[in-house]
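Working notes for the structure below.
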Amino acid sequence: MAKAEATVEELVGMIERGELRLPEMQRRYVWRSTRVRDLLDSLYRGYPSGAILLWETDEKVPLQDMAIKQSDNPYVSTRLLLDGQQRLTSLAAVIRGKLVTVGGRKKPIELLFNLEHPDKLSLVTEVYEDGSDDENEEERIEDEADSTEDELQERFNRMTFVVATKKLARLPHWVRVSDVFRTDNDAAFLNQAGVKDFNDPNYERYSQRLGRLRAIRRYSYRMDVLERSLSYDEVTEIFVRVNSLGAKLRSSDLALAQITAKWRNSLKEFQTFQQDCNRAGFALDLGSVHLRSLVAFATGQSRFLTVGGLSLDVLQAGWKESRRGMEFALNFMRSNAKIESPALLASPFILITVAYYGHKRDYSLSPEESEQLRRWVLLANAKGRYSRGSSETILDQDLLILREGRGANELMDGLRRQVGRLDITPEELEGRNQRSALFKTMFLAFRAAGAKDWRSNLAIAINHKGANTNFNFTTSFPKRCLRELILFVRRMTSPTSASSLAR
């Protein structure tokens with residue numbers, strides 16, 4: 001394995017020119033802006049930032065698009081980026097001010113730099129579970145933007161980089177990081193910060209800090225380059241081992257690498273179906289839902305541990321049946337359970353169970369079976385069936401029931417053993433927020449009863465158009481009305497009526 005070095009500026013240029021490409025085995029770009037902030041902070045301070053793993057090959061290898069726009073590669077040989085995608089994509093986006101594609105949306109990574117940051121490092125880095133998605137970051141940023149300066153300013157003043165908010169961007173000593181990288185002239189930033197001439201005591205200090213920020217472009221990464229003689233299968237095995245040992249990827253990401261190594265160009269097929277589901281209103285994660293469904297249909301269980309031993313024929317047959325099963329599940333959710341969005345699901349694993357149910361009955365259900373399945377869906381969703389304990393273990397229990405030819409009644413027995421009583425009491429609703437499975441079920445019940453928005457008098461829905469009419473879990477019940485709502489629920493909800501939707 002050869003070793004080399006390249007600066008951040010050189011690596012960003014290689015990405016822009018298409019000299020560094022992304023193999024099909026790689027996961028998508030998933031970093032939240034807070035992780036990019038922490039990366040910039042580490043590089044600013046000269047801290048270690050890991051190595052970059054590449055494979056230079058003449059082999060025709062299936063590729064995927066990076067999260068930022070690239071030019072076509074003019075060279076015959078290709079350098080494939082095996083480890084370092086998240087870092088280099090983030091740096092390219094910030095240094096060049098480019099948009100990144102995250103979750104099907106293009107957006108900038110907007111960071112601010114504090115010219116008045118303390119010299120001593122403050123412990124402000126947030127730690128998240130590996131593999132978690134960036135679904136709530138925009139809401140978090142908005143929450144911070146709506147908070148008072150007294151609540152946030154002390155914390156922000158201790159930070160060197162922050163995710164941009166409108167309030168901070170208006171303060172004179174906070175400057176946009178991408179703007180600093182666009183020019184080597186400090187005049188605009190110094191003028192914004194109130195520095196008028198060379199005699200200002202902040203002139204030298206601010207100028208040095210801006211220069212230190214731009215010096216990130218000269219930060220040198222070690223590059224480990226795999227030999228050309230290696231096969232794609234060997235490189236995939238190296239990729240899986242490197243990322244398994246570091247626990248940097250989710251099991252679904254590693255499974256995707258193993259699947260695409262055996263089934264070339266399959267990623268595009270997976271992504272096309274994912275986009276079809278998105279257009280149908282169900283934006284589902286490729287790994288945790290679609291690939292897990294593939295494994296379930298191929299093996300009868302949901303764990304990714306068996307993926308490495310599956311043949312190409314088994315994978316292709318499993319995917320074909322999984323697609324058909326998922327189409328059935330989405331149609332059943334919309335038409336029978338009146339659930340038209342994953343926002344109303346306590347767990348997307350319910351879709352896999354419904355898909356497998358339809359598959360085991362060759363998609364031919366009697367009216368009685370359909371009603372039993374609908375009732376199980378609504379009660380399993382209300383009780384958070386896959387949110388109690390190990391989700392994979394519980395899903396495998398339900399798949400086993402269906403694999404053995406049993407049906408919705410046995411699924412209901414499993415739910416009853418797990419949660420006890422299946423009715424819903426008023427006490428269960430107290431203290432629940434919008435993330436609660438019961439909240440989602442309450443919305444379904446209210447909508448089925450013809451409830452209307454208290455202000456606009458529109459029937460409640462999750463797909464109203466316009467900022468003033470779009471249904472939002474966090475604003476469905478204004479705080480001033482919560483007390484009246486609790487009293488209403490106490491009066492109107494009984495163990496029988498609370499679960500009437502599922503009947």
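Under the salt bridge (charged side-chain N to carboxylate O under 4.0 Å, His left out) criterion, Arg447 pairs with Glu340, not counting sequence neighbours. For Tyr206, the ring pair (Phe, Tyr, Trp, His ring centres under 6.0 Å) criterion is met by no residue, not counting sequence neighbours. With sequence neighbours excluded, the residues satisfying side-chain contact (heavy atoms from CB on, under 4.5 Å) with Ala283 are Asn278. Listed by chain and number, the residues in a salt bridge (charged side-chain N to carboxylate O under 4.0 Å, His left out) with Glu5 amount to none (sequence neighbours excluded). Taking the salt bridge (charged side-chain N to carboxylate O under 4.0 Å, His left out) definition, one finds that Lys3 meets it with Asp224, sequence neighbours left out. With sequence neighbours left out, the ring pair (Phe, Tyr, Trp, His ring centres under 6.0 Å) criterion links Tyr219 to Tyr221.
With a 4.5 Å cut-off on side-chain heavy atoms, Ile238 and Val240 do not count as touching. The side-chain heavy atoms of Pro348 and Asp285, taken from C-beta on, include no pair separated by under 4.5 Å.
Side-chain contact of Ser293 with Ser322: a donor-acceptor pair under 3.5 Å is present, judged by distance alone. There is no side-chain donor-acceptor pair under 3.5 Å between Thr57 and Tyr232. For the residue pair Asp396 and Ser302, a side-chain donor N or O sits within less than 3.5 Å of a side-chain acceptor on the partner. Remark: the Gln301 side chain and the Thr299 side chain contain an N/O donor-acceptor pair separated by less than 3.5 Å.
Between the side chain of Lys440 and the backbone N or O of Ala343, at least one donor-acceptor pair lies under 3.5 Å. Between the Thr272 side chain and the Lys268 main chain, a donor and an acceptor come within less than 3.5 Å of each other. The backbone N or O of Ala346 lies less than 3.5 Å from a partner atom in the side chain of Asn381, making a donor-acceptor pair. Within the 3.5 Å criterion, the main-chain N or O of Ser266 finds no donor-acceptor partner in the side chain of Glu269. Checked by atom type and distance alone, the side chain of Lys262 pairs as donor or acceptor with a backbone atom of Leu310 at under 3.5 Å.
The structure places CZ of Arg21 at 13.5 Å from CD of Gln26, a figure rounded to the nearest 0.5 Å. Atom CG of Leu43 and atom OG of Ser49 lie 5.0 Å apart (nearest 0.5 Å). Atom CD of residue Gln271 and atom CD of residue Glu24 lie 8.5 Å apart, to the nearest 0.5 angstrom. For the atom pair Leu22 CG and Thr89 OG1, the distance stands at 7.0 Å (nearest 0.5 Å). Within the model, atoms CG of Leu80 and CH2 of Trp55 stand 6.5 Å from one another, a figure rounded to the nearest 0.5 Å. Between the OG atom of Ser288 and the CZ atom of Phe304 there is a distance of 7.5 Å, given to the nearest 0.5 Å.
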>> The test is side chain to side chain contact (heavy atoms under 4.5 Å, CB included); show your working for Arg205 and Asn202 and say whether it passes.
In response: CA-CA 5 Å; Arg205 185 163 65 105; Asn202 287 323; 2.9 Å; yes
>> Run Leu226 and Glu234 through side chain to side chain contact (heavy atoms under 4.5 Å, CB included) and show every step you take.
In response: CA-CA 10 Å; Leu226 300 179; Glu234 289 176 300; over 6 Å; no
>> Please determine whether salt bridge (Lys or Arg N to Asp or Glu O under 4.0 Å) holds for the pair Arg385 and Asp398, giving the CA-CA distance in whole Å, both sets of side-chain angles, and the decisive distance to 0.1 Å.
In response: CA-CA 10 Å; Arg385 168 65 170 161; Asp398 291 342; 2.7 Å; yes
> Yes or no on side chain to side chain contact (heavy atoms under 4.5 Å, CB included) for Glu392 and Arg292, after CA distance, side-chain angles and deciding distance?
Replying inline: CA-CA 10 Å; Glu392 290 179 339; Arg292 193 177 300 278; 2.8 Å; yes
> Between Ile394 and Phe349, does a side chain to side chain contact (heavy atoms under 4.5 Å, CB included) hold up when you go through it step by step?
Replying inline: CA-CA 10 Å; Ile394 297 169; Phe349 281 12; over 6 Å; no
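Ionic pairing of Asp186 and Arg214 is present here: one or more N-O contacts between side-chain nitrogen and carboxylate oxygen are shorter than 4.0 angstrom. Salt bridge Arg35/Asp38: absent, no basic N to carboxylate O contact under 4.0 Å. Salt-bridge annotation for Glu16 and Arg96: present, with a side-chain N of the basic residue lying under 4.0 Å from a carboxylate O of the acidic one. Electrostatic pairing of Asp119 and Arg45 does not count as a salt bridge here, judged by no charged N lying under 4.0 Å from a carboxylate O. Contact check on Arg37 versus Glu110 returns no salt bridge, with no Lys/Arg side-chain nitrogen under 4.0 Å from an Asp/Glu carboxylate oxygen. Using a 4.0 Å cut-off between charged nitrogen and carboxylate oxygen, Arg228 and Glu59 do not count as a salt-bridge pair. With respect to Arg79 and Glu19, no salt bridge is recorded, no charged nitrogen being found less than 4.0 Å from a carboxylate O.
Figure legend: cation-pi geometry between Arg176 and Phe113 absent, as NZ or CZ is not positioned both under 6.0 Å from the six-membered ring centre and within 45° of its axis.
Residue Arg218 places its CZ atom among 12 or fewer non-hydrogen atoms of other residues, nucleotides or ligands, all under 6.0 Å distant.
Under the 6.0 Å cut-off for aromatic ring centres, Phe189 and His173 do not qualify, their centroids lying 6.0 Å or more apart. Residues Trp319 and Phe297 keep their aromatic ring centres 6.0 Å or farther apart. The six-membered or imidazole ring of Phe270 lies near that of Trp263, with a centre-to-centre distance under 6.0 Å. Checked against a 6.0 Å centroid threshold, the rings of His290 and Phe273 count as neighbours.
Here the closest heavy-atom approach between residue Leu284 and residue Gln274 is recorded as O-NE2, 2.9 Å.
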